[in-house]
Amino acid sequence: MLNIILFGPPGSGKGTQSEKLTKKYNLMHLSTGDLLRSEIQKQTSLGNEAKKLMDKGHLVPDEVVIGMISTALDCNPKCDGFLFDGFPRTSAQAEALDNLLENKKAPIAAMLALEVSEEEMVKRLLKRGETSGRSDDTNDQVIRERIEEYHRKTAPVADHYKKTGKAIYVKGEGSIDEIFAALCNEIDIRINTSA
Ligand code: B4P
């Protein structure tokens, strides 16, 4: 089983690269952002609560997203591996993920972190907001708050993976194909050394 985390600030290309990586390595894509937006679309009580926080650029409570990931892991017992996109985003989520994967005896192989400048992220998200209909992508202030929230709560998660040598940094600026090739190169190194 190959379990990979795609890590990075909002607009760094996690969703974009996840689509390509899951196809190439036959992984199950688990995006907490997508799972939350699906709840919002269905207008569940969880979705309605999450929307209030997401529209302000804040994170959704840990217990909500951990519960979603736990359910998704249980529902897919036979897949070749998981690509975690946008999860974990806090230290508590990282610890919960370790525990969930320990039960499966399939730890994280690598945490691939995309590095992108703040101005580039803001530019990309505002551009996506023109067509995506995502309310968190249309307001410059909300985008800046998401980036602040990333520095406050999410950036420290990298230390969790640095301790075990699993944090790998990849340049997230350039063409989508160039970045994809760099990510594949890092994954292939891990696959070949574990074979
Ligand atoms: P997410 O859905 O995870 O989304 P994101 O961080 O905004 O963007 P992502 O990084 O995937 O976007 P991408 O670069 O692919 O989170 C949304 C919200 O959900 C969070 O703010 C939070 O409130 C909540 N949430 C989610 N997970 C949570 C968790 N675990 N805990 C608590 N709360 C959680 O795309 C951006 C744009 O850039 C696209 O338009 C794309 O086309 C473009 N792009 C990508 N690569 C490019 C490149 N190389 N060059 C030019 N443009 C590029």
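Residues take their numbers from the sequence shown, with the count starting at 1. Atoms within a ligand are numbered from 1 in the order they appear, just like the ligands themselves.
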A.B. asks: Answer yes or no: does an N/O atom from Val60 fall short of 3.5 Å to an N/O atom of ligand 1?
C.D. replies: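 For ligand 1, there is an N or O atom that lies under 3.5 Å from one belonging to Val60.
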A.B. asks: Hey, is ligand 1 close enough to Lys14 that some N/O pair sits below 3.5 Å?
C.D. replies: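 For ligand 1, there is an N or O atom that lies under 3.5 Å from one belonging to Lys14.
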A.B. asks: Answer with side chain, backbone, both or neither: which part of Leu36 has a heavy atom less than 4.0 angstrom from an atom of ligand 1?
C.D. replies: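 Side chain only; the backbone of Leu36 stays clear of ligand 1.
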A.B. asks: With atoms numbered from 1 as shown, which atoms in ligand 1 lie under 4.0 angstrom from a non-hydrogen atom of Arg37?
C.D. replies: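 Per the distance check, 2 (O), 17 (C).
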A.B. asks: Taking all atoms of both residues into account, what is the closest heavy-atom pair of Ser135 and Asp55, and its distance?
C.D. replies: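 In this case the closest contact between Ser135 and Asp55 is OG-OD1, 2.6 Å.
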A.B. asks: Closer than 4.0 Å to some heavy atom of His58 - which atoms of ligand 1 meet that?
C.D. replies: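 So the atoms of ligand 1 that pass are 22 (C), 23 (O).
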A.B. asks: Please report whether ligand 1 has a polar contact with Asp137, defined as an N or O pair separated by less than 3.5 Å (distance criterion only).
C.D. replies: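 No, no N or O pair falls under 3.5 Å.
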A.B. asks: I'd like to check which ligand 1 atoms, numbered from 1 as shown, lie under 4.0 Å from a non-hydrogen atom of Gln93.
C.D. replies: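 Per the distance check, 29 (C), 30 (N), 31 (N), 32 (C).
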A.B. asks: For atom 27 (N) of ligand 1, what is the nearest protein heavy atom, given as residue, atom name and distance?
C.D. replies: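 Its nearest protein heavy-atom neighbour is Thr32 OG1, 2.7 Å.
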A.B. asks: With heavy atoms of Ile179 as the reference, note each atom of ligand 1 found under 4.0 Å away.
C.D. replies: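 So the atoms of ligand 1 that pass are 49 (N).
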A.B. asks: Is the terminal nitrogen or CZ of Lys20 (NZ for Lys, CZ for Arg) located under 6.0 angstrom from the six-membered ring centre of Phe180 and within 45° of that ring's axis?
C.D. replies: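 Lys20 over Phe180 ring: yes.
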A.B. asks: Between Met28 and Ile187, is there a shared hydrophobic cluster once you connect ILVMFWY residues whose side-chain heavy atoms come closer than 4.5 Å?
C.D. replies: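 Different clusters.
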A.B. asks: With atoms numbered from 1 as shown, which atoms in ligand 1 lie under 4.0 angstrom from a non-hydrogen atom of Gly86?
C.D. replies: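 Ligand 1 atoms under the 4.0 Å threshold to Gly86: 27 (N), 28 (C), 29 (C), 30 (N).
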A.B. asks: Do NZ/NE/NH1/NH2 and the carboxylate oxygens of Arg124 and Glu119 come within less than 4.0 Å?
C.D. replies: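 Not counted as a salt bridge, because no side-chain N and carboxylate O are separated by less than 4.0 Å.
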A.B. asks: Please say yes or no: joined through hydrophobic side-chain contacts below 4.5 Å, possibly via intermediate residues, are Leu97 and Val157 part of one cluster?
C.D. replies: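 Yes; tracing contacts between hydrophobic side chains, which count when under 4.5 Å, links both residues.
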A.B. asks: Where is the nearest protein heavy atom to atom 14 (O) of ligand 1: which residue, which atom, and how far?
C.D. replies: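 Looking only at protein heavy atoms, the one closest to atom 14 (O) of ligand 1 is Gly13 N, 2.3 Å.
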A.B. asks: Using a strict 4.0 Å threshold on nitrogen-to-oxygen distance, state whether Arg190 and Glu186 make a salt bridge.
C.D. replies: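 Answer for the salt bridge query: yes.
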A.B. asks: Purely on distance, is any nitrogen or oxygen of Leu125 under 3.5 Å from one on ligand 1?
C.D. replies: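 No - when backbone and side-chain N and O of Leu125 are compared with those of ligand 1, no distance drops under 3.5 Å.
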A.B. asks: Nearest to atom 39 (C) of ligand 1, what protein heavy atom do you find, and at what distance?
C.D. replies: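 Atom 39 (C) of ligand 1 sits closest to the protein heavy atom Arg128 CD, 3.8 Å.
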A.B. asks: Which heavy atom of the protein is the closest neighbour of atom 45 (C) of ligand 1, given with residue, atom name and distance?
C.D. replies: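 Ranked first by proximity to atom 45 (C) of ligand 1 is Thr16 OG1, 3.3 Å.
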A.B. asks: Could you check whether any side-chain N or O of Lys14 sits under 3.5 Å from a backbone N or O of Pro9, counting only pairs where one atom can act as donor and the other as acceptor?
C.D. replies: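 Pair found, side chain donor or acceptor close to backbone of Pro9.
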A.B. asks: Between Lys163 and Asp159, is there a salt bridge with N-O shorter than 4.0 Å?
C.D. replies: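 Salt bridge: no.
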A.B. asks: Taking atom 1 (P) of ligand 1 as the point of reference, which of Glu173, Arg89, Met54, Arg146 owns the nearest heavy atom?
C.D. replies: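 Comparing heavy atoms across Glu173, Arg89, Met54, Arg146, the nearest one to atom 1 (P) of ligand 1 lies in Arg89.
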A.B. asks: Between Arg146 and Glu149, is there a salt bridge with N-O shorter than 4.0 Å?
C.D. replies: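 Between Arg146 and Glu149 there is no salt bridge, as every charged N stays at least 4.0 Å from the carboxylate O atoms.
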A.B. asks: Give the contacting part of Lys56 toward ligand 1: side chain, backbone, both or neither, where contact means a heavy-atom distance below 4.0 Å.
C.D. replies: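 Neither part.
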A.B. asks: My understanding is that we take every heavy atom of each candidate and find the minimum distance to atom 43 (C) of ligand 1. Doing that for Arg124, Lys153, Lys123, Glu149, which one comes out nearest?
C.D. replies: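 Heavy atom nearest to atom 43 (C) of ligand 1 belongs to Arg124.
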A.B. asks: Heavy-atom distance under 4.5 Å between the side chains of Met68 and Leu36, does that happen here?
C.D. replies: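 A side-chain contact exists here, since the closest heavy-atom pair is under 4.5 Å.
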A.B. asks: List every atom of ligand 1 that sits less than 4.0 Å from any heavy atom of Phe87, numbering the atoms from 1 in the order shown and giving each element.
C.D. replies: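 Checking each atom against Phe87, I get 30 (N).
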A.B. asks: Check Glu120 with Lys171, please: is the shortest side-chain N to carboxylate O separation under 4.0 Å?
C.D. replies: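 So Lys171 does not pair with Glu120 through a salt bridge.
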A.B. asks: For Gly15, is at least one N or O under 3.5 Å away from an N or O on ligand 1?
C.D. replies: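 Yes - when backbone and side-chain N and O of Gly15 are compared with those of ligand 1, one distance drops under 3.5 Å.
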A.B. asks: Give the cluster check for Ile147 versus Leu59: same hydrophobic cluster or not, with ILVMFWY residues linked at side-chain heavy-atom distances below 4.5 Å.
C.D. replies: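 No, separate clusters.
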A.B. asks: Is the shortest distance from a Lys or Arg side-chain nitrogen in Lys52 or Glu49 to a carboxylate oxygen in the other one below 4.0 Å?
C.D. replies: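 Counted as a salt bridge, because a side-chain N and a carboxylate O are separated by less than 4.0 Å.
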A.B. asks: So is Lys127 close enough to ligand 1, meaning a heavy atom under 4.0 angstrom away?
C.D. replies: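 Contact absent.
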A.B. asks: What protein heavy atom is closest to atom 4 (O) of ligand 1, reported as residue, atom name and distance in Å?
C.D. replies: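 Nearest neighbour among protein heavy atoms for atom 4 (O) of ligand 1, to 0.1 Å: Arg134 NH2, 3.7 Å.
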A.B. asks: Do the side chains of Met111 and Ile189 join up, straight or via other hydrophobic residues, at under 4.5 Å, putting them in one cluster?
C.D. replies: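 In one cluster: no.
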A.B. asks: Report, in ascending order of atom number, the atoms of ligand 1 lying under 4.0 Å from any heavy atom of Gly174.
C.D. replies: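 Within the 4.0 Å cut-off of Gly174, ligand 1 contributes 48 (C), 49 (N), 50 (N).
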A.B. asks: So is Gly11 polar-close to ligand 1, meaning N/O to N/O under 3.5 Å?
C.D. replies: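 The answer is yes, given that Gly11 and ligand 1 share an N or O pair closer than 3.5 Å.
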